[in-house]
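The block underneath contains the structure these notes are about, expressed in structure tokens.
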Number of protein chains: 2
Amino acid sequence: MKLIRSYCPGMNLDLLQKAANQARGLAMDAVHDCASGHLGLPLGCAEIGAVLFGDLLNICPSQPRWLNRDRFILSAGHGSMFLYGWLHLSGFNIGIEDIKNFRRKGSITPGHPEFRDTEGVECTTGPLGQGIANAVGFALSARRAAARFNRPGMDIFTQHVFCLTGDGCLQEGVARESLALAAVLKLDNLILIYDSNDITLDAPAERTQLTDPRAVYEALGWDVRQIDGHDIRAIESAVEAAKNAKNGKPQLIIAKTVIGKGIPGIEGTTKGHGEGGAKLQEEAHANWGIPAGERYYVSEDVRTAFANLKAQREKDFNAWNAMYEQWRRAYPELAEELDAGINACSCGVNPADSDKAIPPFPQDYGDATRSAGAVAINAIAKANPCFLTTSADLYSSNKNYLSGAGDFSAETPEGRNFWFGIREHAMAAICNGIAYDGLFRVSAATFCVFVDYMRASIRVAALSGLPVTYILTHDSVAVGEDGPTHQPVETISGLRVIPNLDVIRPADPEETAGAWMAAMQRADGPTALILTRQKVATLNGIPVETRREGVLKGAYIARKEQGALKAIILASGSELELALKAAEKTGEGIRVVSMPSFCRFDAQPAEYRESVLPSSCMRRVSVEAGVTDLWWKYLGCQGEAVGINRFGFSAPGTQVLEELGMNVDNVVAAVHKVLAK
Amino acid sequence: MKLIRSYCPGMNLDLLQKAANQARGLAMDAVHDCASGHLGLPLGCAEIGAVLFGDLLNICPSQPRWLNRDRFILSAGHGSMFLYGWLHLSGFNIGIEDIKNFRRKGSITPGHPEFRDTEGVECTTGPLGQGIANAVGFALSARRAAARFNRPGMDIFTQHVFCLTGDGCLQEGVARESLALAAVLKLDNLILIYDSNDITLDAPAERTQLTDPRAVYEALGWDVRQIDGHDIRAIESAVEAAKNAKNGKPQLIIAKTVIGKGIPGIEGTTKGHGEGGAKLQEEAHANWGIPAGERYYVSEDVRTAFANLKAQREKDFNAWNAMYEQWRRAYPELAEELDAGINACSCGVNPADSDKAIPPFPQDYGDATRSAGAVAINAIAKANPCFLTTSADLYSSNKNYLSGAGDFSAETPEGRNFWFGIREHAMAAICNGIAYDGLFRVSAATFCVFVDYMRASIRVAALSGLPVTYILTHDSVAVGEDGPTHQPVETISGLRVIPNLDVIRPADPEETAGAWMAAMQRADGPTALILTRQKVATLNGIPVETRREGVLKGAYIARKEQGALKAIILASGSELELALKAAEKTGEGIRVVSMPSFCRFDAQPAEYRESVLPSSCMRRVSVEAGVTDLWWKYLGCQGEAVGINRFGFSAPGTQVLEELGMNVDNVVAAVHKVLAK
């Protein structure tokens with residue numbers, strides 16, 4: 001690897017140090033002016049920023065989504081002014097006015113980095129630890145892309161993934177899970193830079209962690225270097241060595257830094273973390289060689305050197321691009337697959353194709369929706385070579401294994417089944433990383449109740465609009481003997497309140513096919529598929545098309561009333577069968593509405609919603625084996641909710657359901673009750 | 001330390017091995033008969049069970065809640081038949097009929113160990129990793145109890161905490177956080193036994209973890225021993241050494257075992273994990289020396305030896321108890337404090353006392369509810385010496401620090417402020433451990449939005465009925481500049497659906513005092529207090545008593561309409577002020593209901609609920625800066641919900657609130673809308 005600065009006019013060690021100090025100044029001035037934000041990292045890591053953005057990152061600011069760019073993830077997202085400052089200096093689409101608008105309404109420089117808001121920001125970070133797992137996802141994506149698409153003499157994917165993190169991220173469990181996994185998967189394309197400043201928000205770090213972490217990371221299987229994080233040459237050497245290591249070990253650079261460096265009396269203390277030091281703006285400026293009275297200062301020589309660097313990077317990009325065009329001509333089918341992968345992530349898959357991909361189930365199928373899900377996911381994977389899946393040690397229970405698609409490992413990096421161990425949180429956050437990278441379409445499976453472990457990452461997926469699919473099986477107390485720790489009752493409702501997360505709980509195999517179609521349609525957010533452990537009836541009384549397309553609309557009439565409409569029973573998932581049976585028993589005027597997805601239904605035009613749930617009929621009963629709170633939105637105050645507003649217990653599933661009132665008689669009684677109102 | 005078997009008639013190495021094999025038989029027969037459950041651990045760890053329950057555990061089966069018992073936590077809760085088998089053999093209140101009823105409805109031997117269901121079960125386990133964190137909580141509790149209550153020559157607390165875990169638990173992030181913390185806090189009273197069988201549910205463990213973990217644990221600061229987990233003498237030596245180490249390091253025993261040991265063709269494979277091997281019952285029985293055709297077999301000599309052991313343990317207990325009575329007489333004030341601690345955990349604190357403890361706030365207080373919370377928690381801590389608090393590096397933001405109460409550390413184990421680092425999940429699970437132990441009353445704080453990291457542990461607290469209090473500040477988009485990753489919108493609703501979790505979002509300082517009173521009242525479940533970052537009005541128009549006692553009831557009339565009731569505005573937290581202002585603007589017939597806690601309101605008698613929300617008035621408007629879904633329960637279909645059904649954005653908090661429609665005008669418009677219906 002060569003240093004760009006060795007052939008980039010005006011770029012040299014002194015210039016990089018000057019740029020580092022001016023980046024400090026940008027952070028200081030932005031935080032000062034909005035009176036909030038975090039100075040600790042931008043000041044502590046300025047030399048690291050200089051080496052990466054001023055030299056060693058293989059990026060092209062005019063091509064921010066270049067396929068082969070090095071990815072840079074700021075896991076310590078609160079240090080966002082680090083990122084904005086360096087993106088600005090290196091020529092991304094962030095002007096000095098944007099820096100001045102830091103943390104202001106409508107700016108592209110929000111308090112924490114937000115995916116889609118800002119060119120050069122690879123992902124949304126802020127919730128601690130997530131970025132490290134995201135970086136593992138980017139590294140997996142890079143590894144698989146290289147294996148799948150590179151050809152002799154045409155290495156179109158050679159990128160490295162950089163992640164800058166502090167103690168805050170590294171103490172988090174999701175980070176610990178990810179570090180372990182990165183070593184097992186031998187991700188030597190991953191370079192983690194640890195801003196080790198011995199300070200956390202509240203206290204010196206030694207209060208909550210051991211003082212010498214090096215041995216831990218080495219034992220975990222990482223290649224570790226420790227350096228002075230303010231020594232530009234040392235940083236360069238360490239990054240070069242890490243890039244060149246290729247020894248099957250993920251790379252860790254422990255950079256000893258001074259938090260808030262340059263603010264007199266505050267650097268190196270807990271006060272250096274936040275915005276407190278901004279009041280010492282002038283004194284700090286002087287320490288950094290910024291002329292007195294200047295604000296948002298960048299010297300001419302720094303501007304010029306970074307402009308030269310940007311031009312040089314464009315040349316590097318063009319050289320790659322020529323090779324890439326050649327590759328596209330030489331391997332048109334691979335190019336098509338790559339395009340499809342990128343499009344599948346950004347635009348979704350044509351639902352008609354998914355429909356064709358998943359043939360109708362036999363009328364006597366009679367298996368659990370998790371089993372129907374296995375059929376659907378395998379059909380989708382066959383039709384979409386970019387489709388991947390992952391498991392937290394539950395392939396055998398969740399049934400999301402892609403037959404014949406191979407297992408991902410260091411030795412078999414083309415595999416499409418990822419084994420993540422018993423690490424649900426890392427799984428979800430790594431899937432976010434894969435989805436941010438946007439080359440592959442990814443799904444993740446675990447027991448429904450354990451989605452709680454992943455919730456923080458699911459929230460980020462919803463916020464970032466990532467089309468990840470969660471496969472959550474064993475969806476009610478019907479789980480049975482494993483007892484209340486394994487029986488969701490509130491879990492599905494807990495997911496339904498997350499904005500931009502589609503939650504779908506299909507009733508039978510055809511609805512399951514429809515649910516997968518719905519998930520694959522989405523380009524702008526995640527979908528949670530809620531599937532049964534137990535066998536369910538195949539509802540042949542409803543046409544296949546009605547069931548599949550009904551799911552896409554969130555709710556549909558599963559049984560039309562005969563004669564005048566007297567009451568409506570609403571149900572989701574395995575309880576739709578109860579609703580249908582209860583309707584049979586209660587007479588002619590009873591409509592049954594299958595409601596697999598609240599949010600998809602809410603997004604339908606008012607006329608459709610009115611056609612399914614006419615406001616003239618407020619005699620309504622809901623049936624779902626879980627807490628009832630959210631159903632009231634559709635029931636109104638005259639309605640009745642049949643559900644389970646308590647935790648379950650250990651016994652065979654049918655007994656638990658019966659004991660907790662999930663039976664036809666109770667639904668019938670509820671219908672009679674609303675009819676009598 | 002002495003081996004009990006050296007002076008317990010009939011108990012010897014051969015007998016222990018025999019007992020181990022018969023414990024295997026119990027597990028096999030129970031799993032066989034209910035056709036579900038997990039054989040892997042009960043068979044793989046039988047010799048470990050024999051050493052602990054048949055000798056080295058300092059327990060007294062006839063005194064299952066003995067204060068000074070060694071605690072045993074089965075983190076790998078799916079291996080529940082290990083626990084039931086050994087509790088039965090060692091003489092706890094579990095008969096052979098209970099073993100036969102394994103996983104059956106109403107049994108005391110549910111699929112996973114459940115706290116309160118079974119004597120000798122210290123905590124509910126099953127969600128992986130939680131038990132390890134719980135054990136850290138028990139160890140902290142033990143450490144603080146010893147420091148606080150032991151006196152020269154009267155060590156009433158000397159217990160060790162044992163935890164048995166497999167790879168499933170150890171791979172989890174919550175376990176990793178806890179392991180790190182245990183070393184920092186120098187918990188050498190914690191002994192973790194690692195059932196290392198190289199197999200996970202789905203695959204050989206080497207697929208997802210490094211094969212030699214020893215160096216990792218040593219680097220983390222643990223004292224590590226590795227043994228053959230089927231060698232009774234080796235287990236004994238390791239446990240003795242761990243108990244005697246007292247070297248400031250938590251103790252790890254890596255026991256290499258064979259999963260499902262004794263089932264021909266299945267032991268040592270992934271098939272050994274679950275119930276699959278139960279079909280080879282007879283062959284396995286033969287391997288274990290169980291007479292052909294016998295079921296649930298325990299030989300006479302084993303019965304006799306364990307009966308002798310139980311008697312011996314009673315003698316040991318009696319010796320301790322004599323010392324304990326002497327201690328109570330010598331230190332009556334300490335005894336009172338200990339009793340109060342135990343009672344505060346099991347029965348709650350008299351709310352009248354809390355009320356007295358927290359004096360009324362000044363009328364011009366005008367600060368955030370998190371600041372009012374700081375006043376309340378310090379008052380409570382002053383009145384309750386058993387009250388502890390914990391933080392995941394946010395004392396300075398959450399403001400739950402107990403002034404003058406000291407910081408817990410190895411050197412200052414009487415401290416009542418616990419510093420857990422940036423480890424929210426471990427914090428919550430460790431608090432569960434402290435609450436299970438029941439000597440202290442504990443609380444935990446973080447930013448509201450990051451409660452997602454803790455959700456799996458909060459669920460277990462709710463399920464187990466643990467009176468933990470969560471202090472969740474920065475409760476809406478009013479957080480402002482930090483942006484959507486830090487702004488809860490769905491978070492509070494996500495908590496409200498968890499059964500047996502009280503969620504309280506107070507509106508002002510007096511409601512905050514009431515919320516703390518409500519939390520302290522609870523003996524049978526956790527409470528989440530939702531507090532603002534921003535300053536809120538002190539609502540002096542409502543009497544102090546009304547505000548405080550109103551919170552206890554979940555909802556109350558904050559502003560009574562004048563004349564005929566025309567419409568009701570419901571609000572929680574900081575939005576109550578908006579509701580009151582909107583009512584002023586909309587005329588005489590408008591009632592305002594403050595609704596800090598849905599679940600507490602739902603638990604009130606029907607008459608009270610009707611008096612607050614008369615069913616005759618369905619013109620209702622809700623106001624809350626968050627998703628609106630749950631409010632429909634109280635609004636009915638004619639109502640209007642003013643809320644935020646999307647993620648927020650980065651800008652000053654007041655601007656975000658305004659942009660997202662959280663203002664008086666919008667509430668007024670909504671009232672006019674319902675009035676026009």
Side-chain angles (χ1 to χ4, degrees), chain A residues 36 103-105 110-112 126-128 168 171-174 176-177 184 200-203 207-210 215-216 219-221 393 395-396 419 421-423 425 452-453 455-456 459 463 481-486 490 493-494 497-499 627 629-630 632-633 636-637 645-647 650-651 655, chain B residues 36 103-105 110-112 124 126-128 168 171-174 176-177 184 200-202 207-210 215-216 219-221 393 395-396 419 421-423 425 452-453 455-456 459 463 481-486 490 493-494 497-499 627 629-630 632-633 636-637 645-647 650-651 655:
Chain A
S36 77
R103 292 182 155 235
R104 291 202 167 82
K105 189 177 154 189
H112 288 78
L128 293 173
Q171 288 191 355
E172 292 283 2
V174 63
R176 294 281 144 186
E177 292 177 6
V184 172
T200 70
L201 190 154
D202 253 0
R207 188 189 280 268
T208 57
Q209 64 188 26
L210 299 184
V216 175
L220 279 171
D393 202 44
Y395 275 122
S396 49
W419 300 68
I422 302 103
R423 303 182 181 104
H425 198 172
D452 282 354
Y453 281 74
R455 188 174 172 94
R459 183 180 204 268
L463 172 59
E481 291 91 343
D482 275 336
T485 56
H486 285 55
E490 83 293 5
S493 291
V497 297
I498 300 177
V627 300
D629 309 73
L630 288 175
W632 294 102
K633 184 172 179 181
C637 290
N645 290 306
R646 51 159 284 186
F647 291 110
S650 171
Q655 291 178 27
Chain B
S36 77
R103 293 184 154 234
R104 291 204 167 81
K105 189 177 154 189
H112 289 79
T124 296
L128 293 173
Q171 288 191 356
E172 292 283 2
V174 62
R176 293 282 144 186
E177 292 177 6
V184 171
T200 69
L201 190 154
D202 253 0
R207 189 189 280 267
T208 58
Q209 64 187 25
L210 299 183
V216 175
L220 278 172
D393 201 43
Y395 275 122
S396 49
W419 300 67
I422 302 102
R423 303 182 181 104
H425 197 172
D452 282 354
Y453 281 74
R455 188 173 172 95
R459 184 181 203 268
L463 172 60
E481 291 90 343
D482 275 336
T485 55
H486 285 56
E490 83 292 6
S493 292
V497 298
I498 300 176
V627 300
D629 309 72
L630 288 175
W632 295 102
K633 185 173 179 181
C637 290
N645 290 307
R646 50 159 285 186
F647 291 111
S650 170
Q655 292 178 28

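Values below: every heavy atom of this structure, side chains too, minus hydrogens, waters and symmetry copies. Letters go in sequence order (proteins before strands), and every chain restarts at 1.
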Region of A:H112 in contact with chain B, defined by heavy-atom distances below 4.5 Å | both

Partners of B:D393 by salt bridge (Lys or Arg N to Asp or Glu O under 4.0 Å), sequence neighbours excluded?
-> none

Highest number of heavy-atom pairs under 4.5 Å with chain B: which of A:H425, A:R104, A:Q655, A:H486?
-> A:H486

Do you know which of B:N645, B:D482, B:V216 has the most heavy-atom pairs with chain A at a distance under 4.5 angstrom?
-> B:D482

If every non-hydrogen atom of B:Q171 is compared with every non-hydrogen atom of B:T200, which pair is closest and at what distance?
-> NE2-CG2, 4.5 Å

Residue B:R207 versus chain A: region with a heavy atom under 4.5 Å | both

Region of A:V627 in contact with chain B, defined by heavy-atom distances below 4.5 Å | side chain

Tightest non-hydrogen contact, residues A:K633 and B:D629, listed as NZ-OD2, 3.6 Å

Salt bridge (Lys or Arg N to Asp or Glu O under 4.0 Å) partners for B:R646, two or more places apart = none

Closest contact, heavy atoms only, A:L463 versus B:P484 = CD1-CB, 3.6 Å

Looking at A:A215, A:G221, A:S396, which makes the most heavy-atom pairs under 4.5 Å with chain B?
-> A:S396

Taking every non-hydrogen atom, the tightest pair across A:V184 and B:Q209 | CG2-CA, 3.5 Å

Tightest non-hydrogen contact, residues A:R103 and B:S650, listed as CA-OG, 3.8 Å

Contact leader toward chain B among A:Y395, A:F647, A:W632, where contacts are heavy-atom pairs under 4.5 Å = A:F647

Looking at B:P127, B:G111, B:G421, B:A456, which one has more heavy-atom pairs under 4.5 Å with chain A than the rest?
-> B:P127

Residue part contacting chain A, namely of B:T124, when any heavy atom lies under 4.5 Å = side chain

Top contributor to chain B contacts, counting heavy-atom pairs under 4.5 Å, from A:R423, A:E177, A:R176 | A:R423

To the nearest 0.5 Å, how far apart are CG in B:D452 and CD1 in A:I498?
-> 6.5 Å

Under a 4.5 Å heavy-atom cutoff, which of A:G173, A:P499, A:A219, A:A651 has the most pairs with chain B?
-> A:P499

